[in-house]
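What follows is one structure encoded as structure tokens, with my remarks underneath.
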There are 2 protein chains.
Amino acid sequence: MAEISDKTIARLSLYRRLLSDLLEDGQTQVRSHELATLANGSPAQVRRDLAEAVGCQGRPRQGYDVAGLFESIGAVLDGPSGENVALVGVGNLGRAVLAYLAGRRPGVNLKAAFDSDPAKVGQSWMGCPCHPDAAIPRVIREQSIRVAILAIPAASAQAVAEQLMDAGVTGLMNFAPVRLRARPGVFVENIDIAISLEKTAYFARQAAES
Amino acid sequence: MAEISDKTIARLSLYRRLLSDLLEDGQTQVRSHELATLANGSPAQVRRDLAEAVGCQGRPRQGYDVAGLFESIGAVLDGPSGENVALVGVGNLGRAVLAYLAGRRPGVNLKAAFDSDPAKVGQSWMGCPCHPDAAIPRVIREQSIRVAILAIPAASAQAVAEQLMDAGVTGLMNFAPVRLRARPGVFVENIDIAISLEKTAYFARQAAES
DNA sequence: TTGTGTGAAACCGTTCACAGCG
DNA sequence: CGCTGTGAACGGTTTCACACAA
């Protein structure tokens with residue numbers, strides 16, 4: 001398997017979700033054209049993604065086998081076993097993210113939550129207990145957690161990120177409006193809601209002015 | 001002003017936030033190299049963004065004037081007056097997004113909230129009342145709202161989006177894990193948390209395996 | 001010297017267009 | 001035929017590299 005780009009992985013994840021819907025509908029075959037429509041993409045892109053990143057097996061005239069494709073994408077995305085994930089910050093945002101995790105994401109296992117609020121420590125969300133921030137190094141190591149979700153205020157994000165990376169985390173999903181200084185080799189996905197909102201406002205105005 | 005790309009707008013928004021921090025620190029001048037470091041970008045990119053999108057006035061040897069740059073970027077991003085924004089769905093996620101809005105975003109005025117839960121209707125968040133979903137067409141038109149944030153379940157997202165677009169919304173920020181069918185000219189920013197998480201998990205594994 | 005502005009080159013991802021196969 | 005797989009062309013961004021200004 002060669003290097004797969006950022007955007008391709010995002011699309012594969014989307015394809016998998018769409019395929020999951022098709023499976024529920026009992027559909028067994030799907031054309032690139034059909035998937036493309038559902039994904040707001042082009043048929044050529046779908047074919048290329050499936051051929052290059054997965055080991056495509058689409059057949060002319062019938063398209064792709066839904067169940068098989070679903071499995072193949074899963075093999076690429078999830079690896080042998082799923083990733084263990086920690087959530088740092090169990091505020092409104094953190095709890096909202098839990099709802100997405102609850103959606104039976106294959107390959108993503110929430111193992112631990114952390115919060116600085118003593119009132120939250122000891123409670124449980126989605127069957128996993130909330131630890132105090134001080135427990136981060138120990139728990140991350142004990143549970144072999146490589147992925148962490150930062151849903152905490154900007155002021156503490158960098159410090160917490162350092163602790164996580166020290167403990168072995170190699171993937172961070174950062175909701176705090178800060179550009180984290182990550183060490184080399186660590187992947188950071190910034191979800192910057194403030195920026196996205198300003199972007200939306202800008203293009204909404206552009207759209208209205210035409 | 002020529003066409004400014006998606007990504008450039010996102011960076012400008014980031015620059016503005018960074019400049020705002022610098023202003024608070026009392027810094028009056030900034031070099032492209034410095035902004036680039038803060039933004040995790042390259043100096044050349046910063047210069048190009050500022051020169052092409054804004055009407056740069058950086059001077060050799062001193063760099064850019066922080067206050068002036070802050071204003072100039074604001075003029076590009078915000079237009080004459082700010083955009084009026086509606087929030088649909090006042091669950092955990094919706095309330096979390098409100099926190100970002102509360103961060104005194106210039107150019108973004110929350111004017112209305114909507115929720116299908118009768119218990120929430122009538123309450124207020126950030127000084128603006130929560131209306132029932134049925135009031136969407138009326139309120140959106142009355143308040144001249146062009147931007148809407150969808151923080152509702154996937155099942156109802158498309159239907160609500162249609163109502164919003166019918167009422168004149170031209171920019172949607174969509175947190176629901178669905179690919180919205182938007183009419184031409186309407187800007188949609190998808191924040192797909194499930195996809196972002198799977199992406200982070202994938203690259204965390206890649207990083208760990210090297 | 002230091003740091004900006006910008007044409008030109010390099011890069012990456014997407015789309016085109018067509019060969020091949022059922 | 002209809003639909004996939006893929007080399008080749010394309011277009012948009014990013015980076016390079018250097019002229020210029022203080």
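Residue numbers begin at 1 in each chain, while the letters A, B, ... track the order of the sequences. Basis for what follows: all heavy atoms, side chains included, without hydrogens, waters or symmetry-related copies.
If you measure from atom CG of B:L69 to atom P of C:dG5, you get 10 Å, rounded to the nearest angstrom. In this structure, A:I4 atom CD1 and C:dC12 atom P are separated by 16 Å, rounded to whole Å. Rounded to a whole Å, the CD atom of A:E3 is 16 Å from the C1' atom of C:dC11. Summarising the geometry, the separation between OH on A:Y64 and P on C:dG22 is reported as 15 Å, rounded to the nearest angstrom.
Among the candidates A:D115, A:I140, A:I149, A:L164, the single residue satisfying the side-chain contact (heavy atoms from CB on, under 4.5 Å) test with A:V88 is A:L164. B:L69 pairs with exactly one of B:L23, B:L22, B:L50 by the side-chain contact (heavy atoms from CB on, under 4.5 Å) rule, that one being B:L50.
Using a 4.0 Å cut-off, some side-chain N or O of A:R31 falls inside it from OP1 or OP2 of D:dC3. Between B:S32 and C:dT4, a side-chain N or O to OP1/OP2 separation shorter than 4.0 Å is present.
When distances run from any side-chain atom of B:K7 to the nucleotides C:dT14, D:dG2, D:dT14, the shortest one goes to D:dT14.
For A:K199, the salt bridge (charged side-chain N to carboxylate O under 4.0 Å, His left out) partners at least two apart in sequence or on another chain are B:D6, B:E189.
In the region residues 36-50 of chain A, proximity to DNA chain C at under 4.0 angstrom, judged on heavy atoms, holds for A:S42, A:Q45, A:R47, A:R48.
Of the charged side-chain nitrogens involved, at least one lies within less than 4.0 Å of a carboxylate oxygen, so that A:D166 and A:R183 count as a salt-bridged pair. Ion pairing between B:D192 and B:R179 holds under the 4.0 Å rule for side-chain N and carboxylate O.
Both A:C56 and A:P60 lie near DNA chain D, and the one whose nearest nucleotide falls closer to the 5' end is A:P60.
If you check every strand for non-hydrogen atoms under 4.0 Å, A:T8 touches nothing.
Using cut-offs of 30° and 60° on the angle between ring planes, the pair B:F203 and A:F187 is parallel.
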